[in-house]
Q: 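Got a structure here, written out as structure tokens. Questions coming.
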Protein chains: 2
Amino acid sequence: MSRFLVFIFFLIGLFAHCNSLDYNVGTYTQVVDHFNWDINLTFEQRYLYSDVYWDNGPFVVYTGNEGDVEGFWSSAGFTFEIAKELSGYILFIEHRYYGKSLPFGTESFDHDKIGYLSIEQAIADYALVIQHIKAKLGATDNPVIALGGSYGGMLSAYFRFKYPNVVDAALAASAPIYLAAGLANNHSFWEVVTADFQAAQEECPTRVRSAFTELQKLRDSGAAGLQEISKKFRLCKVLESAQQVDHLIGWIRNAFAMMCMGDYPYASSFFGKLPANPVNVTADLIMGADDALEGLVLGTGLFYNGTSNDTLSCFDPFTEYISCSDPTGCGLGPNSLAWDYQACTELYLASGTNNVTDMFAPLAWTLEMRDAYCQKTWGVTQRPGWFATSLWGNSISSASNIIFSNGALDPWKEGGVPKSLSDTLVALLIDGAAHHLDLRSSNPKDPPAVVAARKTELVLLKKWISHKTSENE
Amino acid sequence: MSRFLVFIFFLIGLFAHCNSLDYNVGTYTQVVDHFNWDINLTFEQRYLYSDVYWDNGPFVVYTGNEGDVEGFWSSAGFTFEIAKELSGYILFIEHRYYGKSLPFGTESFDHDKIGYLSIEQAIADYALVIQHIKAKLGATDNPVIALGGSYGGMLSAYFRFKYPNVVDAALAASAPIYLAAGLANNHSFWEVVTADFQAAQEECPTRVRSAFTELQKLRDSGAAGLQEISKKFRLCKVLESAQQVDHLIGWIRNAFAMMCMGDYPYASSFFGKLPANPVNVTADLIMGADDALEGLVLGTGLFYNGTSNDTLSCFDPFTEYISCSDPTGCGLGPNSLAWDYQACTELYLASGTNNVTDMFAPLAWTLEMRDAYCQKTWGVTQRPGWFATSLWGNSISSASNIIFSNGALDPWKEGGVPKSLSDTLVALLIDGAAHHLDLRSSNPKDPPAVVAARKTELVLLKKWISHKTSENE
């Protein structure tokens, strides 16, 4: 791939990413601990909004997940399409402890201050922000639609579970609620990543496997091996230990995970700067390389924007990837701290890799390892069973008015709700779609299945709020 | 009423109170703060249970309210009748901060330790205790019925709202959920008390009003008046100020409230030691007395067990009644502290009296007075709207499998759900019944309406758990 091509991809990425809708920024003085009156603290919670389409329709609310809320505004354009169709008010609420919604500013991640980070607190926040804005607009009876992708989709569902008095319908896109409750096969994430690359190029996983075998051999062959690996992967600094090679393996694996999640039919920048169909592009790179290890280097480099033809002159796996309690990655910066804490307390996430059911080098991540890490890092341990109790696990049949959509290419898909449970708990599996593609703005390159899914989603949401809408007219 | 009669009432009371079913006591190591992983504390939560009827049927769970759990075991015998009918396991869980379930022992009511007392924490407790016991018995798939009376009934409903994954059906008896959310007429409590006495004796409220007028006149006439009041009411100690007379008025009012709540057709001891039909008995005493004020003395005395014919030689309104944030009374002892805190933080309760819509002396209790009291006493202030947001207010139509029963004589009835909202949200108004009479053991003196209500309740509960039961067989 030439430097020119990468530049073009970059421009397309920017365009696809670019959202034509401007937002306003608001803040709400939020309660730090909703469940304890002796903690008499508040913080400023950020939200983005637009009333450009609003004509007394529903509130269309993105339940912000683990990141700056602007990132979701830029990548969940279907929200605007729903709002336009329903004359709705657009609201994106930032999740506490992410972005600028830090209850204790830069001290928020101190051990004695991070404890107010929980899903139960976060969805209570959403309820209060929504009610505040509705009251301000004199629209207390207008219906509310919640939507979100990934963890944000989980939050939309949980929000409807726990506050159906506030939210009338939800679109939970690519929301692995069963997995997060420890009730799904947690190897499936890496199995689907492997299958996606196999679907792109039948022999790709075999080649990746050989590359990892070679990498492990080098890892176990002393200083010369470490030097060889460092050179091969164009690292800025030579690796110093076998342990550091394991970090490198995590860094590689993270690139593959991100490319599968962001395997959209057009260039995008949500999961890093990716070309259209990054899995195909990467599989081609891997299969076209002179040897297996070089293939792995090129594939990984595509994601970290530093193949030999790209802008970075060398890679630093230690700043580009932070290993944490989530084996699929915690991201970078302060947001990664919050996510690390959440994966240590409530969320049950993917397993490590084993090279048996997946194509990656074995990199174990057992519950014991997680608990040891979390105790050491945060002084906390997950309470077995709490998450499935608090947020319903897979006993969700009494809920209503929720769409659980999943993309057939998405590594998270097997952690979600696989089939409809009733007329008002509807599962959609979207062919040719990666992680919450349906939430993104409509695009000429969209596969037909996502076009159809968005139509279905709109019909259902409209129907589920219709009772309230007609009362309100 | 002769001393002999009182003794007979006392024996009948004991008998009606006495529960033929023995219980076992268990404790569960409970999490102090379910929503904060940095608070790494636990406490021993008490529960009572019996498997005498159990044959792999449902768990029939009383969601304990503001008192020692044994008190509910003794007064909610219908629980046992349900369990017997359905081969169920009987479980009564004590509410945190009540009885022996004190998270910090005798320090539990310290300002820095009482903050973990909230409804959200309490229903999370119930979920975990139930799951623990089910797991221990290898009965994780058996259905669960929750039931409770008054605040315990509210908890049953909230428990089903928030944890339908744990509880399949609920009987919320005399549960003023709309009132507690600030969404009902909060004068209605005293209005119904007044109406109950009027129904017993048409002229009774008029006579009570004159008595209060006289009492106020004496209150406002200096030392001689205070002496006169103290003598009239057989007080152990002479009142020293007009303020103390206001406390006396609260003490009197409390007696009337309790007698209306406990206006059962047989002697009982749940709301103090009461004869059968205490409202009729009291109305007769009032109307038969030589003058209005003496009527008030006799009526009040009946409740505090100290009329001239009874065992107490004098009354002490300051130990027999504690004025607190709940104008209908907080009870006595440490449990009253916990309830005071709850009425200061989450619960919105009855108003004061005004002598316009009720028969009592005006004794104001505004939200401003409440907030000032709560700030002074506990350093807390209710957050307007939180309760209705967290626990759904009157937007409950998405819930299912809940019976809201109310007694037509019960002062709380107008704070509850007045009519059925669907086939699975059923309201029952029970003629001739006081506060959660339906939860009590069947009794030959029961009015026909409560016999019919219990039948309906059993049919509905059985139906709502039938799906799970048949799966389990």
Side-chain angles (χ1 to χ4, degrees), chain A residues 31 33-40 110-121 124 127-128 130-132 135 141 160-168 181 341-342 344-346 374 378-383 385-386 388-401 424 467-468, chain B residues 31 33-40 110-121 124 127-128 130-132 135 141 160-168 181 341-342 344-346 374 378-383 385-386 388-401 424 467-468:
Chain A
V31 168
D33 194 337
H34 294 285
F35 311 113
N36 188 326
W37 277 255
D38 288 339
I39 309 296
N40 197 12
D110 292 358
H111 283 210
D112 61 333
K113 297 199 176 67
I114 199 168
Y116 305 103
L117 171 55
S118 74
I119 292 174
E120 290 83 356
Q121 301 277 9
L128 295 184
I130 292 168
Q131 289 189 327
H132 163 74
D141 293 333
R160 171 71 189 161
F161 289 176
K162 295 285 194 178
Y163 297 88
N165 52 319
V166 178
V167 57
D168 302 280
Y341 183 80
Q342 291 202 261
C344 274
T345 49
E346 294 203 88
C374 294
W378 295 105
V380 298
T381 303
Q382 279 201 18
R383 299 185 220 119
W386 166 252
T389 300
S390 178
L391 299 162
W392 304 12
N394 56 12
S395 300
I396 65 170
S397 60
S398 63
S400 61
N401 298 0
T424 62
H467 179 63
K468 211 159 181 179
Chain B
V31 168
D33 194 336
H34 295 285
F35 312 112
N36 187 326
W37 277 255
D38 288 339
I39 309 296
N40 197 12
D110 291 358
H111 283 210
D112 61 333
K113 297 198 176 68
I114 199 167
Y116 305 102
L117 171 55
S118 74
I119 292 174
E120 291 83 355
Q121 301 277 9
L128 295 184
I130 292 168
Q131 289 189 328
H132 163 73
D141 294 333
R160 171 71 188 162
F161 289 175
K162 294 286 193 178
Y163 297 89
N165 51 319
V166 179
V167 57
D168 302 279
Y341 184 80
Q342 292 203 261
C344 274
T345 49
E346 294 202 89
C374 295
W378 296 105
V380 298
T381 303
Q382 280 202 18
R383 299 186 221 120
W386 166 252
T389 300
S390 179
L391 299 162
W392 303 12
N394 56 11
S395 300
I396 67 169
S397 59
S398 64
S400 60
N401 298 0
T424 63
H467 179 63
K468 211 160 182 178

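Everything numeric in this text was worked out from a predicted model, so none of it was measured. Here is the naming used below: chain letters follow the sequence lines, and residue numbers restart at 1 for every chain.
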Q: For B:Ile119, which atoms come within 4.5 Å of any heavy atom of chain A: side chain, backbone, both, or neither?
A: neither
Q: Output the distance between atom CD1 (A:Ile39) and atom CG (B:Asn36), rounded to the nearest 0.5 Å.
A: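 Output value for this atom pair is 8.5 Å.
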Q: For the CZ atom of A:Phe35 and the CG atom of B:Leu117, what is their distance to the nearest 0.5 Å?
A: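 It comes to 14.5 Å.
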Q: Identify which part of A:Ala399 has an atom lying under 4.5 Å from any heavy atom of chain B, answering side chain, backbone, both or neither.
A: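 Neither part.
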Q: Chain A heavy atoms under 4.5 Å from B:Phe161: which part of the residue, side chain, backbone, both or neither?
A: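 It is the backbone, since no side chain atom gets that close.
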Q: Got a donor-acceptor contact below 3.5 angstrom from the A:Asn165 side chain to the B:Ile396 backbone?
A: no
Q: Of the backbone (N, CA, C, O) and the side chain (C-beta and beyond), which part of A:Ser397 lies under 4.5 Å from a heavy atom of chain B, both, or neither?
A: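 No part of it gets close to chain B.
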Q: If you count heavy-atom pairs under 4.5 Å between each of B:Val166, B:Leu391, B:Asp168, B:Leu128 and chain A, which one has the most?
A: B:Leu128
Q: Should B:Ile114 and A:Asp38 count as side-chain neighbours, where that means a heavy-atom distance under 4.5 Å?
A: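 Sidechains of A:Asp38 and B:Ile114: in contact.
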Q: Among A:Arg383, A:Lys162, A:Glu120, who wins on heavy-atom pairs under 4.5 Å with chain B?
A: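 With the most close heavy-atom pairs to chain B, the winner is A:Arg383.
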Q: When only pairs under 4.5 Å are counted, which of B:Glu346, B:Gln382, B:Lys113 shares the most heavy-atom pairs with chain A?
A: B:Glu346
Q: Could you pull out the closest heavy-atom pair between A:Trp37 and B:Tyr341, with the gap in Å?
A: CB-OH, 3.7 Å
Q: Please look at A:His34 and chain B and tell me whether the side chain, the backbone, both or neither of the residue comes under 4.5 angstrom of a heavy atom of that chain.
A: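 A:His34 touches chain B through backbone and side-chain heavy atoms alike.
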Q: With respect to chain A, which residue among B:Asp33, B:Thr389, B:Thr381 yields the maximal number of heavy-atom pairs within a distance under 4.5 Å?
A: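 Maximum pair count with chain A is reached by B:Thr389.
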